[in-house]
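Following: one structure in structure tokens, then a few remarks.
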Amino acid sequence: MALKLYNSLTRERETFQPLNPPRVGVYVCGPTVYGHSHLGHAKSYVSFDTILRWLRASGWDVNYVQNITDVGHLTDDADAGEDKIIVEARRRGLHPMAVVESFMRSYYEDMDALGVLRPDIAPRATGHITEQIEQIRVLIERGHAYEVNGSVYFDVSSYAPYGRLSGRTVEELEAGARVAVNEEKRHPADFALWKRAEAGHIMRWPSPWGAGFPGWHIECSAMSQKYLGETFDIHGGGNENKFPHHECEIAQAECATGRPFARVWLHNNMCTINGQKMGKSLGNSVLLKDVFHTGRPLRDREGALLLERAFEPVVVRHFILTSHYRQPLDFSNDALRAAESGSYKLRDALHELSRAVVAKARLAPSASPPALAPVASDAFPPGNAGARLAAIAALAPSEGLRATLERSAERFAEAMDEDFNTAAAIAALFDLARTATECVKADAPLGDLAAAELLMRRLAGDVLGFSWRAAGGGDDGTRDGLIQLLVDLRNEARQARNFALGDQIRNRLAALGVQLKDGPSGTTW
RNA sequence: GGCGGCGUACCCAAGUGGUCCAAGGGAACGGUUUGCAAAACCGUCAUUCGCGGGUUCGAAUCCCGCCGCCGCCUCCA
């Protein structure tokens with residue numbers, strides 16, 4: 001079983017084979033930090049995070065680079081308009097770098113909440129001006145770029161494959177150009193590598209062509225190659241950046257080195273809300289901070305309901321992963337509510353399973369559960385996640401359960417290996433949850449429960465990145481003790497048939513977010 | 001105008017030639033359990049995959065036409 005992924009560059013599903021196994025280099029276009037992150041960022045980065053997690057679960061030694069764009073991203077096309085960050089800085093009366101700092105922190109805060117793992121290297125464009133200047137210099141030297149009045153443009157005619165990724169030709173671009181042609185450019189499709197800084201432009205650096213700032217595309221070419229090499233395995237990004245951003249990246253990088261750039265391109269699709277494109281200008285942009293924390297209904301400019309209340313980050317993550325990363329995804333209040341129910345079903349199943357394991361282990365402290373023996377990850381060659389997951393399933397002592405767990409692990413791995421089919425993987429996870437609940441109900445032996453728990457945590461937690469706010473029984477001993485006290489009092493009241501008091505305790509705990517469940521073996525929450 | 005994609009049950013959403021007369025979740029309904037709930041469990045819920053043709057022994061899956069929706073082509077994850 002090997003990973004197959006859809007390569008946007010070849011438009012085919014290919015078997016993944018790293019350039020220098022077991023090492024895998026991945027670059028994903030990061031955000032331009034001029035505002036808080038919205039649902040679109042969540043879709044993109046949750047998708048790529050899950051892809052990263054799966055590569056790692058497969059045993060690859062992944063080096064993950066994701067940039068922070070903090071200069072050069074203009075409000076219009078690549079060669080006109082203002083820098084987005086400068087615009088925001090002026091609006092807030094701050095230095096551009098202060099804007100960058102605050103939104104960068106905001107971005108990581110939201111991503112952390114979503115369970116998106118931080119990149120191994122998070123290079124900032126402003127920290128790599130030298131590298132960008134150097135690459136531009138090489139491009140001029142090799143005849144792929146030209147300088148005009150202190151700005152440098154890439155000569156599109158010098159790179160024949162330009163347009164391959166996005167399926168366009170230079171002629172088409174010219175014909176369909178809606179942008180006013182910049183007089184400095186030789187060809188309308190040429191794009192800026194370096195822009196002359198006009199007087200008063202705050203973000204400026206010295207260069208061989210005078211004071212200026214880098215174009216938006218050059219940072220990704222320069223930084224990805226700096227940290228991953230001239231040719232590397234995977235480049236990811238949003239669909240909307242195929243053209244011009246990624247097309248330009250390829251042109252710059254390949255012309256500068258004369259060697260192939262990224263071997264595989266992964267593009268995730270965009271999201272809509274209530275069936276409409278989401279955008280600042282449309283007034284229906286939903287910020288993640290609003291989703292996670294809003295205490296009141298969120299409406300768009302016209303007053304239509306976007307969200308009736310807050311949803312915790314894991315619910316957003318769950319919803320995103322129930323569809324495929326290359327499919328568009330439509331957010332809506334109803335969809336999130338449905339995802340929430342489903343997500344909590346998984347959470348509760350895992351929670352019950354963990355409790356059962358703890359309870360069993362307490363009863364038989366001497367019996368060391370075989371399932372807790374770790375599975376050595378270096379026992380498998382890289383590139384086969386299925387074998388690793390199956391090994392966890394194989395820890396179950398009972399033959400019947402072992403077979404069931406192995407089937408779940410296999411289904412999950414097959415799904416993920418098919419171009420990261422998280423929707424099908426989640427389906428397998430739901431089946432595993434059902435198995436887990438059955439084990440708990442059937443009072444299965446400790447080893448079985450522990451194996452099921454280990455597998456479920458691996459799939460739900462490590463691979464899919466689900467982490468619930470109140471998951472795993474809580475680590476706050478005082479809080480749990482107090483709740484248990486109330487539960488005991490309530491059960492005494494119930495035994496005395498004082499249901500009014502019992503219900504009152506239950507209702508007031510529910511109001512505090514603690515839901516009691518009366519089962520045959522006692523009350524849980 | 002050019003490029004790309006989508007249309008699967010009440011809703012979300014997998015599946016891209018046979019093992020699919022179609023996963024999984026949500027909602028709904030019936031049942032078990034319960035003091036009542038909640039949760040859990042069992043069952044029901046697309047003879048059908050936008051529409052019409054065609055290819056094939058066989059199609060949701062391939063081809064043609066039509067209808068509808070969306071994205072990109074200017075910044076956007």
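In what follows, every chain begins at residue 1, and chains take the letters A, B, ... in the order their sequences are listed.
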query: Between atom CZ in R11(A) and atom P in rC3(B), what is the gap in whole Å?
result: 11 Å

- prompt: Can you tell me if S47(A) and N268(A) form a side-chain donor-acceptor pair at under 3.5 Å?
  reply: no

query: So, for Y153(A) and F191(A), is the gap between ring centers shorter than 6.0 Å?
result: no

Partner residues of K289(A) under the side chain to side chain contact (heavy atoms under 4.5 Å, CB included) criterion, sequence neighbours left out: H36(A), S106(A), E109(A), D110(A), H293(A)

task: Under 4.0 Å between any heavy atoms, over every strand shown, what does L516(A) touch: base, sugar-phosphate, or nothing? Just pick one.
output: base

Show the distances under 3.5 angstrom between N or O atoms of the protein and N or O atoms of nucleotides 9-14 of chain B.
| from | atom 1 | to | atom 2 | distance (Å) |
| --- | --- | --- | --- | --- |
| rA13(B) | O2' | T322(A) | O | 3.1 |
| rA14(B) | OP1 | H324(A) | N | 2.8 |
| rA14(B) | O3' | N421(A) | ND2 | 3.0 |
| rA14(B) | O2' | N421(A) | ND2 | 3.1 |

message: Rounded to whole Å, please give me the gap between CZ in R13(A) and C1' in rU16(B).
response: 9 Å

query: Are there more than 12 heavy atoms of other residues, nucleotides or ligands under 6.0 Å from atom CZ of R508(A)?
result: no

query: Would a distance-only check, ignoring hydrogens and angles, find a side-chain to backbone donor-acceptor pair under 3.5 Å from E312(A) to R469(A)?
result: yes

query: How is G40(A) classified with respect to the nucleic acid when contacts are heavy atoms under 4.0 Å: base, sugar-phosphate, or nothing?
result: base

Atom P, compared across rC66(B) and rC42(B): separation rounded to whole Å: 49 Å

Short heteroatom pairs, N/O only, protein and nucleotides 30-36 of chain B, under 3.5 Å:
| from | atom 1 | to | atom 2 | distance (Å) |
| --- | --- | --- | --- | --- |
| rG35(B) | O6 | R494(A) | NE | 3.1 |
| rG35(B) | N1 | D503(A) | OD1 | 3.1 |
| rG35(B) | N2 | D503(A) | OD2 | 3.0 |
| rC36(B) | O2 | R506(A) | NH2 | 3.0 |
| rC36(B) | N3 | R506(A) | NH1 | 2.9 |
| rC36(B) | N3 | R506(A) | NH2 | 3.4 |
| rC36(B) | N4 | R506(A) | NH1 | 3.4 |
| rC36(B) | N4 | D518(A) | OD2 | 3.3 |

query: Is the ring centre of Y45(A) less than 6.0 Å from the ring centre of Y107(A)?
result: yes

task: Whole angstrom is fine here: how far is it from CZ in F243(A) over to P in rA77(B)?
output: 17 Å

query: Which part of the nucleic acid, if any, lies within contact of C271(A), taking any heavy atom under 4.0 Å across all strands shown: a base, the sugar-phosphate backbone alone, or nothing?
result: base

task: Could you walk me through whether E101(A) and R124(A) pass the salt bridge (Lys or Arg N to Asp or Glu O under 4.0 Å) test, one step at a time?
output: CA-CA 11 Å; E101(A) 197 64 38; R124(A) 285 168 59 169; 3.5 Å; yes

field: Given RNA chain B, 5'-ward residue of the pair K242(A) and Y34(A), judged by closest heavy atom
entry: K242(A)

statement: Whether each nucleotide of nucleotides 40-46 of chain B has a protein heavy atom under 4.0 Å at its base (B), only at its sugar-phosphate (S) or at neither (-) is summarised, 5' to 3', as SS-----

query: Are E406(A) and R411(A) close enough, and set up right, to give a salt bridge (Lys or Arg N to Asp or Glu O under 4.0 Å), and what steps lead you there?
result: CA-CA 8 Å; E406(A) 281 171 346; R411(A) 267 185 66 201; over 6 Å; no

query: Is the distance between the ring centroids of H267(A) and H246(A) less than 6.0 Å?
result: yes

Could you pull out all donor-acceptor pairs under 3.5 Å where a side-chain atom in residues 114-123 of chain A meets a protein atom, sequence neighbours excluded?
| from | atom 1 | to | atom 2 | distance (Å) |
| --- | --- | --- | --- | --- |
| R118(A) | NE | D112(A) | OD1 | 3.0 |
| R118(A) | NH2 | D112(A) | OD2 | 2.7 |
| D120(A) | OD2 | R56(A) | NH2 | 2.9 |
| D120(A) | OD2 | Y64(A) | N | 2.7 |

Duplex segments of RNA chain B, taken as runs of at least three Watson-Crick or G-U pairs that stay under 3.5 Å: B:1-7 with B:67-73, B:10-12 with B:24-26, B:28-32 with B:40-44, B:50-54 with B:62-66

- prompt: How would you label the contact of S166(A) with the nucleic acid (heavy atoms, under 4.0 Å): base, sugar-phosphate, or nothing?
  reply: sugar-phosphate

